[in-house]
Enquirer: 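This is the structure I want to talk about, given as structure tokens.
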Amino acid sequence: MSTSSDQSAAQAPAEAPQEPAFRYTPALAQEIELRWQDRWEERGTFHAANPVGELKGPGGADASGSPYYIMDMFPYPSGAGLHVGHPLGFIATDVVGRFRRMRGDNVLHTMGFDAFGLPAEQYAVQTGEHPRLVTERNIVTYKRQLRRAGLAHDPRRTFATIDPEYVRWTQWIFLQIFDSWYDAEAERPDGGKGRARRIAELREELAAGVRPVPGRDGDNAGGAVWHGLSEAEQRDVLDSQRLAYVDESPVNWAPGLGTVLANEEVTADGRSERGNFPVFQKSLRQWKMRITAYADRLTDDLALIDWPEKVKAMQRNWIGRSTGATVRFDVVGTGEADAAGAAQTVEVFTTRPDTLFGATFMVVAPEHPLLDEVPAAWPEGTQDAWTGGYATPVEAVAAYRREAAAKTAVERQADAGKKTGVFSGHLAVNPVTGTPVPVFTADYVLMGYGTGAIMAVPGGDERDFAFAAAYDLPVVHTVAPEGGLPEGFEGAWTGDGVVVNSPATDVPAGAPADAPVLNGKDVAAAKAEMISWLEAHGVGEGTTTYRLRDWLFSRQRYWGEPFPIVWDEQDRPVAIPASMLPVDLPDVPDYAPRTFDPDDADSSPEAPLGRNDEWVEVTLDLGDGPKRYRRDTNTMPNWAGSCWYYLRYLDPTDGTNGDTVVDPELERYWLGPRHNATSGPAGGVDLYVGGVEHAVLHLLYARFWHKVLYDLGYVTAVEPFGKLFNQGYIQAYAFTDARGAYVPAAEVEGDEQTGWTWDGQPVEREYGKMGKSLKNVVTPDEMYEQYGADTFRVYEMSMGPLDLSRPWNTRDVVGSQRFLQRLWRNVVDEETGEVTVTDEPASTETLRVVHRAIADVTAEMEGMRPNTAIAKLITLNNHLTGLERVPREAIEPLVLMTAPVAPHIAEELWARLGHTDSLAHEPFPTADERYLVEDTVTCVVQVQGKVRGRVEVPPSISDADLEAAALAEPNVVKAIDGRPVRKVIVRAPKLVNVVV
RNA sequence: GCCCCGGUAGCCCAACUGGCAGAGGCAUCCGACUCAAACUCGGAGUGUUGCGGGUUCGACUCCCGCCCGGGGUACCA
């Protein structure tokens with residue numbers, strides 16, 4: 001027990017008797033804070049008024065002012081509780097909200113809980129306690145800790161994602177998605193093409209023959225094909241088109257977690273983001289959401305929203321749109337083998353169709369179907385290096401496929417750059433040169449991207465060049481920089497330039513007579529021309545591909561939303577009607593998912609909900625009489641609840657609507673496009689603050705759901721979150737002893753200069769996260785007790801810019817405490833408790849300081865820079881501290897301006913200054929221009945860019961007068977030293993630079 | 001490898017469109033108060049702005065090349 005902060009805290013009670021009775025001590029701060037928190041709650045001070053419905057403002061007030069919707073990424077209430085890093089963003093939004101409220105906005109700010117998920121389930125498994133009990137208990141703790149921070153939330157709008165009334169709507173939205181398909185040609189209200197439509201409309205159009213039946217051949221004129229299908233087949237067709245659909249495909253299976261996962265939840269090295277378990281590809285029948293239908297809109301609409309470039313880039317990369325062309329290569333020899341005479345083709349995707357003349361070989365992924373049949377013998381011209389030492393292509397390909405399949409993602413990654421592969425024995429014809437080129441298989445081509453096959457252009461692609469070098473394949477450069485490739489250039493030219501060798505001067509025999517001539521063109525023009533040629537000859541077309549895959553939506557866990565789906569006797573999915581929602585979680589004998597050896601790739605998932613037969617097997621009347629059904633036993637992923645909570649805050653009671661997720665009028669008011677002066681064309685939440693770790697998970701999924709709801713007409717905002725802000729993290733120092741074991745950070749003594757010791761022994765300092773195992777956790781509760789919530793808030797906000805991560809340092813907190821103590825003393829006599837403020841007018845000098853501060857604080861607050869705003873408040877406060885008597889007209893603006901960061905002490909001082917109403921809705925002070933102008937300005941005079949003198953001048957001085965004054969200044973004259981003046985730069989009124 | 005952010009006093013951090021390197025806090029030192037100290041008040045010091053070039057009358061700021069720290073991403077055709 002030896003750090004300075006611990007001492008000061010320990011001393012407080014011991015010294016209390018000697019302390020003035022009305023000093024702003026932690027104990028007094030605590031008393032004030034608890035009292036005001038109760039008052040705010042009783043008075044409904046932070047009730048946000050809806051324009052319609054039962055939710056009114058304080059005292060039943062109607063909505064007034066400009067709507068401003070501010071939101072935090074809601075927390076998952078873990079059992080570990082909060083540490084001082086967690087509330088950083090919550091306090092920041094609170095400061096912004098309180099500021100905006102004082103500026104007259106109708107501020108909506110509240111907080112909910114993301115409460116389904118793994119930790120509660122795992123804890124329940126360990127203790128046998130139901131996850132709901134665990135979660136609800138944690139929520140109580142979180143609410144207490146957050147309330148104690150003095151957050152100005154509307155308490156009427158809070159909820160948790162596990163609440164049955166909330167689950168009901170999560171399931172309802174699922175049903176809307178299930179009941180939709182994507183019509184890529186349909187026009188949207190915003191003028192774009194492509195939107196979700198009701199599945200019934202698809203059925204009608206198929207029956208009417210308006211469109212072909214997907215997946216079925218034949219002319220559907222008059223609905224001929226459709227009506228030729230059985231009812232069951234028709235259902236299969238419709239089910240396959242839904243935005244929420246079930247299909248069998250390779251998915252991410254994590255045996256150690258006992259569930260399947262979305263691509264977004266798997267790390268680059270093939271492990272689960274949660275728990276870090278190995279993930280295997282396994283073909284399983286699972287629920288998916290057709291997020292790929294929205295790939296273009298999810299990319300394009302990023303341009304409409306005010307988000308950090310970094311997050312936009314991460315989403316763009318994740319969606320991975322790339323434009324280019326597909327090109328079909330005829331496979332030599334397959335034509336004769338085919339009785340119909342139709343040759344087999346391999347389709348490749350390329351972003352560089354302009355380089356087709358340089359495609360000297362092809363590569364297909366090891367899983368590519370072309371390899372299912374390969375020639376029995378090596379064709380003529382096969383080089384030894386290509387065969388892998390095998391006697392036939394059949395053996396070589398089989399061996400390579402085995403090898404590739406056995407490779408884990410980690411091994412693949414480790415081998416990246418090293419090129420391995422084998423010749424498949426197939427030859428394919430380059431459509432523009434007519435030349436047969438060898439088809440290789442290699443694991444640097446991935447089955448999951450594009451077509452799983454590439455045309456290899458070693459002259460224009462680093463990877464292809466590396467492969468060509470390893471297997472002695474020809475290199476043709478088809479693009480050269482201005483002035484040609486450097487002498488002796490070896491490698492791939494990936495830069496821009498002019499097309500060459502397209503075609504080459506010695507045109508090979510067999511080349512099509514009308515092959516395009518691209519030589520001399522720039523890359524962009526060549527691409528366009530090649531694409532038209534490919535399309536004209538039916539051997540390819542312009543194509544766009546995406547990295548994004550459909551969202552795997554089912555999980556085999558207990559603690560999540562059940563699917564509102566039952567399966568009928570034919571094993572086809574049937575939606576539970578909205579009137580029967582929510583579908584509650586059943587009680588089961590064991591919450592634990594069936595988990596397996598983490599490396600057991602052959603295991604299969606087993607859903608815990610399946611353990612309650614009485615729940616699974618049901619008889620329901622879904623409109624055609626009672627029938628037997630089997631419930632879907634999957635649960636939704638954790639992300640479902642967070643996909644739409646911003647809508648629930650607007651309309652949390654179901655009071656204004658019974659049949660849609662949010663009252664349309666409320667949605668328009670709070671979220672609609674341009675709902676206030678700063679809202680953009682896409683609308684959405686005005687300020688959404690959270691960590692950057694959700695950049696491609698929550699934020700992508702929520703955008704997707706929102707766009708479906710938009711298409712279906714439930715919302716008018718194009719995007720859910722108009723402005724996003726990523727706060728930094730509060731990091732902490734941890735200390736290790738000689739053995740490398742962590743020692744309690746709070747007990748370490750020393751500093752940067754003297755070094756660090758614990759218990760007399762030297763220790764090493766490291767920097768990183770706050771965590772129990774690192775023994776460096778500091779909790780908000782400790783801060784409330786040792787300093788009070790206001791001091792804690794001021795410290796967190798003054799540590800640095802919000803978007804930067806910085807180290808927590810308990811011993812610095814005292815600076816914030818002293819600021820508030822001085823502020824207190826500027827109003828209240830510590831001995832008597834009397835208000836000492838005078839009603840005499842303030843001096844002009846003081847008014848200047850006050851109005852300067854008002855102007856500066858306002859600018860800093862508007863720019864979301866509470867750290868510099870606080871610095872300005874301290875400057876003003878320090879000025880007032882030096883006065884004999886503090887004038888009311890100086891202290892009142894300071895108290896008001898302090899309120900957003902330290903609301904409790906501000907309210908208390910405001911009350912002691914004689915005001916009966918809360919200052920929460922009091923107008924933020926405005927600066928009087930008269931006090932912002934100075935009588936004189938100090939003008940700096942430089943000679944050769946170095947400061948040599950100063951002159952006091954009026955701010956309105958002319959350039960000529962200033963120049964004359966500057967050149968007359970004695971030090972300047974000395975510095976010029978008689979040299980001829982070549983030039984004088986005048987920036988009136990602050991600077992003159994003399995060049996000699 | 002590539003992309004993004006950061007590097008300013010012992011520490012956390014300011015510095016507008018290129019114009020005096022310093023707003024604020026911590027720590028340190030001096031003074032006042034005190035029998036003495038703590039608290040409080042008043043005052044003070046500290047710099048190769050990560051390094052090397054360039055542009056400019058003038059660079060923390062703009063450009064080029066590196067170094068260090070943090071984050072993201074990676075055979076995506």
Side-chain angles (χ1 to χ4, degrees), chain A residues 4 8 11 15 18-20 23 268-269 308-311 313-314 317-318 320 322 324 348-352 355 363 412-413 415-419 442-446 448-457 460-464 466-467 545-547 692-693 695-696 726 728-729 731 751-754 767-768 794-795 798-801 803-809 811-816 818-819 821-822 825 830 856 859 865 867-875 877-878 881-882 938-950 982-985 987 990-996:
Chain A
S4 52
S8 64
Q11 280 162 4
E15 297 200 347
Q18 296 169 20
E19 244 169 24
R23 171 159 294 173
D269 52 351
E309 249 336 292
K310 175 184 169 150
V311 176
M314 285 166 75
N317 289 339
W318 186 261
S322 57
V348 303
F349 173 73
T350 177
T351 55
R352 294 294 301 276
T355 62
V363 186
R412 274 198 182 212
Q413 202 176 322
D415 291 347
K418 240 188 284 171
K419 294 288 177 287
D443 63 3
Y444 83 93
V445 173
L446 311 174
Y449 186 78
T451 59
I454 62 159
M455 61 180 220
V457 185
D461 183 284
E462 305 279 6
R463 299 153 299 181
D464 296 344
F467 193 85
T545 64
Y546 305 87
R547 201 180 86 115
V692 73
E693 69 270 18
V696 286
N726 295 124
Y729 298 101
Q731 311 261 63
D751 59 37
E752 279 84 359
Q753 282 140 334
T754 61
Y767 179 59
V794 170
Y795 174 64
S798 61
M799 288 169 80
D803 53 353
L804 233 62
S805 294
R806 50 257 148 96
W808 177 267
N809 215 339
R811 52 177 83 169
D812 289 356
V813 178
V814 68
S816 302
R818 286 181 192 148
F819 161 54
Q821 278 178 336
R822 275 199 296 274
R825 268 201 306 273
E830 285 191 331
D856 290 348
R865 293 180 298 269
N867 54 324
T868 44
I870 290 168
K872 313 283 184 197
L873 293 175
I874 293 173
T875 307
N877 192 45
N878 288 350
T881 302
T938 305
C939 174
V940 174
V941 187
Q942 301 177 336
V943 179
Q944 304 290 73
K946 293 204 167 58
V947 181
R948 296 298 186 196
R950 293 179 169 79
R982 282 202 293 149
K983 193 174 170 188
V984 181
I985 293 125
R987 294 280 178 274
K990 305 212 38 178
L991 182 128
V992 174
N993 189 12
V994 182
V995 185
V996 294

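In what follows, chains carry the letters A, B, and so on, assigned in the order in which the sequence lines appear, proteins first and then strands, with residues in each chain numbered from 1.
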Enquirer: Could you tell me whether a side-chain N or O of A:Asn809 sits under 3.5 Å from a main-chain N or O of A:Asp812, the two making a donor and an acceptor?
Expert: no
Enquirer: What's the gap between B:rC16 and B:rU61 when it is taken at their P atoms, as a whole Å value?
Expert: 12 Å
Enquirer: Choosing from B:rA23, B:rG25, B:rG19, which nucleotide comes nearest the side chain of A:Asn993?
Expert: B:rG19
Enquirer: Using atom NZ of A:Lys310 as one end and atom C1' of B:rG6 as the other, report the distance to the nearest whole Å.
Expert: 11 Å
Enquirer: Students often get this wrong, so: under 4.0 angstrom with heavy atoms, is A:Ile874 touching a base, only sugar-phosphate, or nothing?
Expert: sugar-phosphate
Enquirer: Does A:Arg987 place a side-chain N or O at less than 4.0 Å from the phosphate oxygens OP1/OP2 of B:rC20?
Expert: no
Enquirer: To the nearest 0.5 Å, what is the distance between NZ (A:Lys419) and CG (A:Asp443)?
Expert: 8.5 Å
Enquirer: With respect to the side chain of A:Val995, which nucleotide from B:rC57, B:rC20, B:rA27 is positioned closest?
Expert: B:rC57
Enquirer: Check the angle between the aromatic planes of A:Tyr444 and A:Phe467 and answer parallel, tilted or perpendicular using the 30° and 60° thresholds.
Expert: tilted
Enquirer: Whole angstrom is fine here: how far is it from CZ in A:Phe819 over to C1' in B:rU40?
Expert: 17 Å
Enquirer: According to the Watson-Crick and G-U wobble definitions, with both distances under 3.5 Å, which nucleotide is paired to B:rC13?
Expert: B:rG22
Enquirer: Given that both distances must come in under 3.5 Å, which nucleotide forms a Watson-Crick or G-U wobble pair with B:rG6?
Expert: B:rC68
Enquirer: C1' atom, B:rG22 versus B:rG31: distance in rounded Å?
Expert: 24 Å
Enquirer: For A:Asp856, which contact category applies under a 4.0 Å heavy-atom criterion: base, sugar-phosphate, or nothing?
Expert: nothing
Enquirer: Need one value for A:Ser798: base, sugar-phosphate or nothing, where a base atom within 4.0 Å counts as base even if backbone is also close, heavy atoms only.
Expert: nothing
Enquirer: In whole Å, what is the span from the CD atom of A:Gln731 to the C1' atom of B:rC12?
Expert: 14 Å
Enquirer: How is A:Pro801 classified with respect to the nucleic acid when contacts are heavy atoms under 4.0 Å: base, sugar-phosphate, or nothing?
Expert: sugar-phosphate
Enquirer: Please report the distance separating the P of B:rA59 from the corresponding atom of B:rC13, rounded so that it comes out in whole Å.
Expert: 27 Å
Enquirer: Hey, which sits more toward the 5' end of RNA chain B by its nearest nucleotide, A:Arg352 or A:Arg23?
Expert: A:Arg23
Enquirer: I need the CZ-C1' distance between A:Arg865 and B:rC16, as an integer number of Å.
Expert: 10 Å
Enquirer: Can you check whether A:Lys310 reaches A:Val692 side chain to side chain, under 4.5 Å on heavy atoms?
Expert: yes
Enquirer: Looking only at atom C1', what distance separates B:rU46 and B:rC11, rounded to whole Å?
Expert: 13 Å
Enquirer: Rounded to the nearest Å, what distance is computed from the CD atom of residue A:Glu462 to the C1' atom of nucleotide B:rA74?
Expert: 14 Å
Enquirer: What's the closest nucleotide to the side chain of A:Gln942 if the choices are B:rG25, B:rA77, B:rG19?
Expert: B:rG19
Enquirer: Of A:Gly815 and A:Tyr795, whose closest RNA chain B nucleotide lies nearer the 5' terminus?
Expert: A:Tyr795
Enquirer: Under 3.5 Å for both donor-acceptor distances, Watson-Crick or wobble: does B:rG1 have a partner, and if so which one?
Expert: B:rU73
Enquirer: Under 3.5 Å, is there a donor-acceptor pair between the side chain of A:Arg806 and the main chain of A:Leu804?
Expert: yes
Enquirer: If you look at every strand shown and take non-hydrogen atoms under 4.0 Å, does A:Val348 touch a base, only sugar-phosphate, or nothing?
Expert: nothing
Enquirer: Is there a side-chain contact between A:Arg818 and the phosphate of B:rU40, meaning an N or O under 4.0 Å from OP1 or OP2?
Expert: yes
Enquirer: Does A:Ser322 put a side-chain nitrogen or oxygen below 4.0 Å from OP1 or OP2 of B:rA77?
Expert: yes
Enquirer: Please examine the side chains of A:Tyr795 and A:Ile870, heavy atoms only from C-beta on, and report whether any two atoms are closer than 4.5 Å.
Expert: no
Enquirer: Using the C1' atom on both, measure B:rG24 against B:rA14 and round to a whole Å.
Expert: 8 Å
Enquirer: If you look at every heavy atom in A:Ala695 and A:Val311, which pair is closest and at what distance?
Expert: CB-CG1, 3.9 Å
Enquirer: I'd like to know if A:Arg950 reaches the base of B:rC20 with its side chain, counting only an N/O donor and acceptor under 3.5 Å.
Expert: yes
Enquirer: So, is A:Arg822 close to the B:rC41 phosphate, meaning a side-chain N or O under 4.0 Å from OP1 or OP2?
Expert: yes
Enquirer: Do the side chains of A:Gln942 and A:Ile985 get nearer than 4.5 Å, heavy atoms only?
Expert: no
Enquirer: Let's see if you can work this out: which of B:rA23, B:rC41, B:rA21 has an atom nearest to the side-chain heavy atoms of A:Thr875?
Expert: B:rA23
Enquirer: What is the distance, rounded to the nearest whole Å, between atom CZ of A:Arg806 and atom P of B:rG6?
Expert: 14 Å
Enquirer: Whether A:Arg825 contacts B:rC39 is assessed here as follows: a side-chain N or O lying under 4.0 Å from the phosphate OP1 or OP2. Is that the case?
Expert: no
Enquirer: Does the side chain of A:Asp464 reach to within under 4.5 Å of the side chain of A:Ile454, using non-hydrogen atoms?
Expert: yes
Enquirer: Under a 3.5 Å cut-off for both distances, is B:rA44 Watson-Crick or wobble paired, and to whom?
Expert: B:rU28
Enquirer: Quote, to the nearest angstrom, the P distance that separates B:rG10 from B:rU28.
Expert: 15 Å
Enquirer: With rounding to the closest Å, how many angstrom separate the C1' atoms on B:rC75 and B:rC64?
Expert: 31 Å
Enquirer: With rounding to the closest Å, how many angstrom separate the P atoms on B:rU8 and B:rC51?
Expert: 10 Å
Enquirer: Identify the nucleotide, in any strand shown, that forms a Watson-Crick or G-U wobble pair with B:rC62, with both distances under 3.5 Å; if there is none, say none.
Expert: B:rG54
Enquirer: As a test of reading the structure: which of B:rG42, B:rA77, B:rA14 is closest to the side chain of A:Thr868, going by heavy atoms?
Expert: B:rA14
Enquirer: Could you tell me how far apart A:Leu991 (CG) and B:rG18 (P) are, to the nearest whole angstrom?
Expert: 15 Å
Enquirer: Just checking A:Ser805: base, sugar-phosphate only, or nothing, at a heavy-atom cut-off of under 4.0 Å?
Expert: sugar-phosphate
Enquirer: Between B:rG58 atom C1' and A:Lys990 atom NZ, what is the distance in whole Å?
Expert: 16 Å
Enquirer: Any side-chain N or O of A:Asn867 less than 4.0 Å from the OP1 or OP2 oxygen of B:rC12?
Expert: no
